[in-house]
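Worksheet: the structure to be examined is printed underneath.
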Protein chains: 2
Amino acid sequence: MKLREFAQQLGLSPTTVSRALSGYPEVSEKTRKRVAEEATRLGYRPNINAVRLATGRAGAIGVVMGRSGEFHFSEFMGGLAERLGTEDIDILVSPMDDKNPTGEIQLYSRLAVSGRVDAVIVHSPEPNDERIALLHKLGMPFLVHGRSDIDVPHAWLDIDNEGAIRRATSHLIDLGHRRIAMINGRQGRTFSLHRDKGYRDALQARGLPFDPRLVAHGNFTDELGFRFARSFLEQTPRPTAFVAGSMMTALGIYRAARSIGLEIGREVSVIAHDDVFPYLTAENMVPSLSATRSSMRAAGARSADLVLQLLSGRPTEEVHELWPVELILRESTAPPPESA
Amino acid sequence: MKLREFAQQLGLSPTTVSRALSGYPEVSEKTRKRVAEEATRLGYRPNINAVRLATGRAGAIGVVMGRSGEFHFSEFMGGLAERLGTEDIDILVSPMDDKNPTGEIQLYSRLAVSGRVDAVIVHSPEPNDERIALLHKLGMPFLVHGRSDIDVPHAWLDIDNEGAIRRATSHLIDLGHRRIAMINGRQGRTFSLHRDKGYRDALQARGLPFDPRLVAHGNFTDELGFRFARSFLEQTPRPTAFVAGSMMTALGIYRAARSIGLEIGREVSVIAHDDVFPYLTAENMVPSLSATRSSMRAAGARSADLVLQLLSGRPTEEVHELWPVELILRESTAPPPESA
DNA sequence: GAATTTTACCAAACCGTTTTAAATTAATGC
DNA sequence: GCATTAATTTAAAACGGTTTGGTAAAATTC
């Protein structure tokens, strides 16, 4: 059913009906109510593409999906979708070819000029992120999931990576650990830098030396967790504790420790960052995994909110949100064997 | 830049330009080439919403995303997005509230009538799936990822779950195992039924009894893998081998076996189904995990293809694709200890 | 070389809304 | 009760393309 027919049935003009449904003030309460009722009764719904053409709004927000190590992506998306489900706003997923980094900026470019999205969410930014500069230049509203040091105003939602890792590391130091290894995320991402900083600051606060041979960077995969942990554990003296960037990394570390006969929670301590997954929980690992925790799904849902706020005119400078991170201690952390 | 301006610059009518760009035959090769070149040079791109309004096509395909245990979802999506990235077709993600099963059918209903998608992908169907009946009734094109027994024609792409599990189980029997446990997917899903069948058929072919106490169903989570494996291993005599529905389940089984001091690959054998993830690989587990393998990402990419074919008129009855599944033997399978 | 077909292009109608600008009706002031 | 103002409603013009139904020019046929 089209607007015209529907309006005719009501004995009103299309204009009035349109305004009634979109909540404009210049229509009497009585008519508005009648229109709303009849709309649900007769099942009239405006054609979404006509609306989009007429309003110039795309009715969608864009998310770029990388190829590798993105197991947390679906949680974020889930949160996003959950919140956006009630609005008339779609989520548009674009794939990104990680192998071709110059392609990324083109991709964002295309996304922005294509007019298919009203806003974009940028993930895992870098301190000086080209994408942010580009989107700002193009005037496309966007929210950064994470942060950037770039001197371009940008709305962001981030978790306190630095604080989380500082606390995690401090806790390990408190337990008596002196050689603490860190398996961080990809080199160059802001969140990795923040975590690095949290780690170094914690060491420095206690006067412990920073040893670059105990720090590694890479994708959040079980495999890298294993490889890095393995090579760290081959050093002498070997580290007695690990700070890990993700659950998958932690799996790799557990595996590496076992492979050389070390018992986690006794000979080696581990704290990892947990994005909270329904299918793999820190609580259930053996031994249960101490973790810094922050729900990726919640971040997705909140990101949706913030994007909606941006779109309804809230100034970019106001939209900054830094989430605290819980530190949950479980069995994988204990004093080092020497001090036992 | 609008079509009108662009056409004017070329000294052509909007009609001709439109046809040239959409590849209609009634335009000379020479003009078509010129139009194409100028379009890229001047950066003209048709307004997507205008196109959608005029053509009546939504330019998007819908995917419904459940909440729980969907770690393979992002791989599927990745494949989908990869393939669709070159087309002018978006992916629309709708969230589903798993807790409210009646909501699901409403969701599909809304999705179909909203006119926001040209086609829908249905995941994890049941033998008599309401969603399939609904979409058929509504005349919305759709592809089922999996299969259904429902007597409604539907296009599908599925992997040979039955054959895969039959082979896996047979292999375990060949090795000498007699008590083989099976931790399957959610009760009622077609793929779970197929796997059940493969399992039972393999047993039957060798004259082994089917013991319902060795079969469990549930979401693909590490936790359920652990819990089920644990309870199976407490039986006497205990199973000497496991067939598992997912990598996460396998993680749980490994954990359970370890927790009671059993060595996998010697005292307990495990074969799991591997959807191929970049962040967690069967090869790298310790011991490396024997697996039935089929790439979820490839399935996503192919699904995109098939949906496009459906949309361009290929008849539903022709679109059926059953993928064979590899069985890859690694260290987690060995003869049972008794026969060693 | 006239009649016919084919090729290449175009003007105008249409897709289904929103929104601007104007017209009607109701309410208020005096 | 008339002029003025405010509250509703509406006709018509966007929004930016595609597609229908032609027409003029070029190629073919006889």
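Keep in mind that the numbers below use all heavy atoms, side chains included, and drop hydrogens, waters and symmetry copies. In what follows, chains are A, B, ... by sequence order, proteins preceding strands, each numbered from 1.
- Here D:dA13 presents its P atom at 14 Å from CZ of B:Arg4, a figure rounded to the nearest Å.
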Tell me, with the steps shown, if A:Asp90 and A:Arg52 meet salt bridge (charged side-chain N to carboxylate O under 4.0 Å, His left out).
CA-CA 12 Å; A:Asp90 299 334; A:Arg52 288 172 177 174; 2.9 Å; yes

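- A:Tyr44 has no side-chain polar atom (N or O) that falls below the 4.0 Å cut-off from OP1 or OP2 of C:dG16.
- Distances were taken from every side-chain heavy atom of B:Arg57 (C-beta onward) to each of C:dT19, C:dT17, D:dT19; the shortest belongs to D:dT19.
- Contact check, A:Tyr24 against C:dT19: a side-chain N or O comes under 4.0 Å of OP1 or OP2.
- Residue B:Ile132 forms a side chain to side chain contact (heavy atoms under 4.5 Å, CB included) with just one option from B:Lys137, B:Glu126, B:His154, and that option is B:His154.
- Relative to the side chain of A:Ala54, the nucleotides C:dT18, D:dT8, D:dG16 differ in distance, and C:dT18 lies closest.
- Residue A:Thr16 is classed as a base contact, given a heavy-atom separation below 4.0 Å to a base.
- Summarising the geometry, the separation between CZ on A:Arg116 and C1' on D:dG16 is reported as 16 Å, rounded to the nearest angstrom.
- Annotation: A:Tyr279 is in aromatic contact with B:Phe71 [ring centroid separation under 6.0 Å].
- Closest contact between the side chain of B:Leu53 and the listed nucleotides C:dC15, C:dT17, D:dT9 involves C:dC15.
- Looking at heavy-atom distances under 4.0 Å, A:Thr55 makes contact with sugar-phosphate atoms alone, never a base.
- Taking for each of A:Lys2 and A:Thr15 the nucleotide of DNA chain C with the nearest heavy atom, the 5'-most of the two is the partner of A:Lys2.
- Taking atom CZ on A:Arg32 and atom C1' on D:dA7, their separation rounds to 13 Å, with Å as the unit.
- Side chain A:Arg19 to base D:dT10: a donor-acceptor pair is found below 3.5 Å.
- One interatomic measurement links the two molecules: CG of A:Asn47 to C1' of D:dG17, which rounds to 14 Å at whole-angstrom precision.
- Taking the side chain as every heavy atom from C-beta outward, A:Ser295 and A:Asp275 never approach each other to under 4.5 Å.
- Looking only at distances, a side-chain donor or acceptor of A:Thr190 sits under 3.5 Å from a matching main-chain atom of A:Arg147.
- Backbone-only engagement by B:Ser28 is indicated by non-hydrogen atom pairs under 4.0 Å involving sugar-phosphate atoms exclusively.
- Atom CG in B:Leu21 sits roughly 17 Å away from atom P in D:dG16 (whole-Å rounding).
- In this structure, B:Leu10 atom CG and C:dC10 atom P are separated by 10 Å, rounded to whole Å.
- A donor and an acceptor atom never sit less than 3.5 Å apart when one is taken from the side chain of A:Thr31 and the other from the base of D:dT8.
- When the P atom of D:dA11 is taken as reference, atom CD of A:Gln8 falls 11 Å away, rounded to whole Å.
- Within the 4.0 Å cut-off from OP1 or OP2 of D:dT19, not a single side-chain nitrogen or oxygen of B:Ser18 is found.
- Between C:dC10 and B:Ser13, a contact under 4.0 Å exists linking OP1 or OP2 to a side-chain N or O.
- At a threshold of 4.0 angstrom between heavy atoms, the contacts of A:Phe6 with the nucleic acid are absent.
- Using a 4.0 Å heavy-atom cutoff across all strands shown, A:Arg52 reaches no nucleic acid atom at all.
- Counting any heavy atom pair closer than 4.0 Å across all strands shown, A:Ile48 reaches no nucleic acid atom.
- In this structure, A:Phe76 has its ring center closer than 6.0 angstrom to the ring center of A:His123.
- Straight-line distance from the CG atom of B:Asn49 to the P atom of D:dC15: 14 Å, rounded to whole Å.
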